[in-house]
Amino acid sequence: MDSTLLDLILLSEKRKNVLLLLLEGPKDIETIKKALNASATAVQPQVKKLKEQHLVVQEKNLYRLSEIGRVVAEKMKPLVDTLAFLEENVDYWADREMSEIPDFLLRRIYELGHCTIIEPQIDHMFEMIPEYVKNVQLAKKLDAVLPYFHPLFPSFYLEIAEKGIPISLVLPKSVLKRWVEDYREQTEQYLKKENAKLFTCTDCERIPAITVADNFMAMALFPKSTVFDRKYILCFEPGSLVWGKELYDYYEQRSEQINNIDNYTETP
């Protein structure tokens, strides 16, 4: 071989895209041209090089991945998807504390897909973020990890529970203490709802804020060097809902369910 497989793939966007496209199944040259938005003269030489390196096989007018081509493409896709995902909001991810996301999910962070960033506007800093509120109010099921205190949270999530929506909340013990001491009535009313669950966790003060519902997923990570700014990523793709639920479950499984705040032992 005149060049390595790594050079063959990484030095050509078209060759990389051909391999990823053929992961979906065999394609003829017209389909490949249309998918890559390229001419035959631009595509055919790249397909020829992939054939020469035994990554692509031609059968009549169809091109498909060889066995080693499939191995390469399947290993390459998560990397390409991860880079594309991180590049979309690279400044956000570079500034965030990601160590509290478990490794098995961090390796699959690209599954969140396309996400947008939402944050409080300067003239509404003490209110809840409107985009977040709107999507929560449309949800038919809700799970949330709330690692920070907000004075509107007890009444807001009580209102959701009063609609009969299945809801589960995970709070650090320090946040739960504030709810019990300052918003005891709302907390007691919340716990009386059969559709509402409340959990508390220890050593989780800087874990991600997570909300996952049937219609969206939102997550806010703590900045590395500044105070928590409530800057969320908001995602709607099906894969993000699955990923977000796994992250929520990870923390719920490490938490203690609270059934009666009278039995709750306050932390110092």
Side-chain angles (χ1 to χ4, degrees), residues 1-94 96 98 101-118 131 135 212-219 232-247:
M1 296 182 186
D2 294 331
S3 63
T4 66
L5 290 179
L6 197 59
D7 289 343
L8 180 77
I9 297 166
L10 296 185
L11 295 182
S12 169
E13 188 77 8
K14 287 189 176 63
R15 289 195 291 269
K16 179 197 73 177
N17 289 337
V18 167
L19 290 176
L20 294 176
L21 180 65
L22 293 182
L23 263 179
E24 302 171 4
K27 303 282 188 296
D28 59 32
I29 199 67
E30 290 300 318
T31 303
I32 296 173
K33 283 166 43 184
K34 184 178 295 184
L36 272 56
N37 193 26
S39 65
T41 55
V43 170
Q44 285 176 325
Q46 308 310 326
V47 174
K48 182 173 182 292
K49 288 182 180 180
L50 293 171
K51 287 172 57 182
E52 290 171 350
Q53 300 298 334
H54 311 293
L55 298 179
V56 169
V57 175
Q58 182 176 1
E59 295 175 343
K60 296 182 179 179
N61 67 329
L62 291 178
Y63 297 91
R64 65 170 178 83
L65 294 175
S66 67
E67 285 78 5
I68 62 171
R70 179 163 294 280
V71 170
V72 168
E74 286 178 346
K75 294 294 185 181
M76 180 175 65
K77 191 176 188 307
L79 174 60
V80 171
D81 290 346
T82 300
L83 292 174
F85 170 78
L86 294 175
E87 285 173 356
E88 187 174 33
N89 294 298
V90 65
D91 291 338
Y92 179 84
W93 297 112
R96 300 289 137 170
M98 301 176 70
I101 300 176
D103 287 343
F104 75 95
L105 286 172
L106 195 57
R107 288 193 296 267
R108 294 163 39 211
I109 198 166
Y110 60 87
E111 293 179 9
L112 292 176
H114 173 69
C115 300
T116 57
I117 294 178
I118 58 172
E131 297 95 324
N135 284 287
V212 59
D214 57 297
N215 58 325
F216 82 105
M217 178 268 186
M219 178 172 68
Y232 279 79
I233 60 163
L234 186 65
C235 317
F236 296 95
E237 295 182 12
S240 70
L241 308 188
V242 174
W243 191 97
K245 185 63 166 65
E246 288 187 52
L247 184 57

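Keep in mind it's a predicted model, so treat the numbers as computed, not measured.
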If you define the side chain from C-beta out and look only at heavy atoms, does anything of Ile32 sit under 4.5 Å from Asn17?
no

When rounded to the nearest 0.5 Å, the distance separating CG of Leu20 from CG of Leu65 is 9.0 Å

First locate atom CG of Leu50, then atom OG of Ser12, and finally report the distance between them rounded to the nearest 0.5 Å.
7.5 Å

With a sphere of 6.0 Å drawn around NZ of Lys16, does it hold more than 12 non-hydrogen atoms of other residues, nucleotides or ligands?
yes

Please answer whether the main-chain N or O of Gly25 pairs with a side-chain N or O of Lys27 as donor and acceptor at a distance below 3.5 Å.
yes

Quick one, Gln44 and Ile29 - any side-chain contact, counting heavy atoms below 4.5 Å?
yes

Any chance you could measure Arg107, atom CZ, to Ile101, atom CD1, to the nearest 0.5 Å?
12.5 Å

Under the criterion side chain to side chain contact (heavy atoms under 4.5 Å, CB included), I'd like the reasoning laid out for Trp243 against Val212: C-alpha separation, chi angles, the key distance, then a yes or no.
CA-CA 9 Å; Trp243 191 97; Val212 59; over 6 Å; no

For the pair Ile68 and His54, evaluate side chain to side chain contact (heavy atoms under 4.5 Å, CB included) and give the outcome as yes or no after the intermediate values.
CA-CA 8 Å; Ile68 62 171; His54 311 293; 4.1 Å; yes

Rounding to 0.5 Å, atoms CG (Leu83) and CD (Glu88) come to a distance of 13.0 Å

Step by step, work out the salt bridge (Lys or Arg N to Asp or Glu O under 4.0 Å) result for Glu52 and Lys48.
CA-CA 6 Å; Glu52 290 171 350; Lys48 182 173 182 292; 2.5 Å; yes

Quick check: do Trp93 and Ile233 have side-chain heavy atoms less than 4.5 Å from each other?
yes

How long is the straight-line distance from CD of Glu246 back to CD of Glu111, given to the nearest 0.5 Å?
7.0 Å

Using a 3.5 Å distance criterion without hydrogens, assess whether the side chain of Ser240 forms a donor-acceptor pair with backbone atoms of Gly113.
no

Using a cut-off of 6.0 Å, state whether more than 12 heavy atoms not belonging to Lys245 lie near its atom NZ.
yes

Within a strict 4.5 Å, meaning less than it, do heavy atoms of the Glu131 and Tyr232 side chains meet?
no

Is any side-chain heavy atom of Leu23 closer than 4.5 Å to one of Arg70?
yes

Which atom names give the shortest non-hydrogen contact between Ser66 and Gly69, and what distance separates them?
OG-N, 3.0 Å

Which heavy atom in Cys115 sits nearest to a heavy atom in Phe85, and how many Å separate them?
SG-CE1, 4.0 Å

Given side chains that start at C-beta, do those of Met219 and Leu112 come closer than 4.5 Å, heavy atoms only?
yes

Using a cut-off of 6.0 Å, state whether more than 12 heavy atoms not belonging to Lys33 lie near its atom NZ.
yes

Only one of Asn215, Asn135, Leu241 forms a side chain to side chain contact (heavy atoms under 4.5 Å, CB included) with Phe236, so which one is it?
Asn135

Taking the side chain as C-beta and beyond, is there a heavy-atom pair between Leu55 and Leu8 under 4.5 Å?
yes

Could you grab the distance from atom CG of Asn37 to atom NZ of Lys14, nearest 0.5 Å is fine?
9.5 Å

Side-chain heavy-atom pair Pro102, Leu247 within 4.5 angstrom cut-off
yes

Does Met76 offer a backbone N or O that forms a donor-acceptor pair with the side chain of Glu74 under 3.5 Å?
no

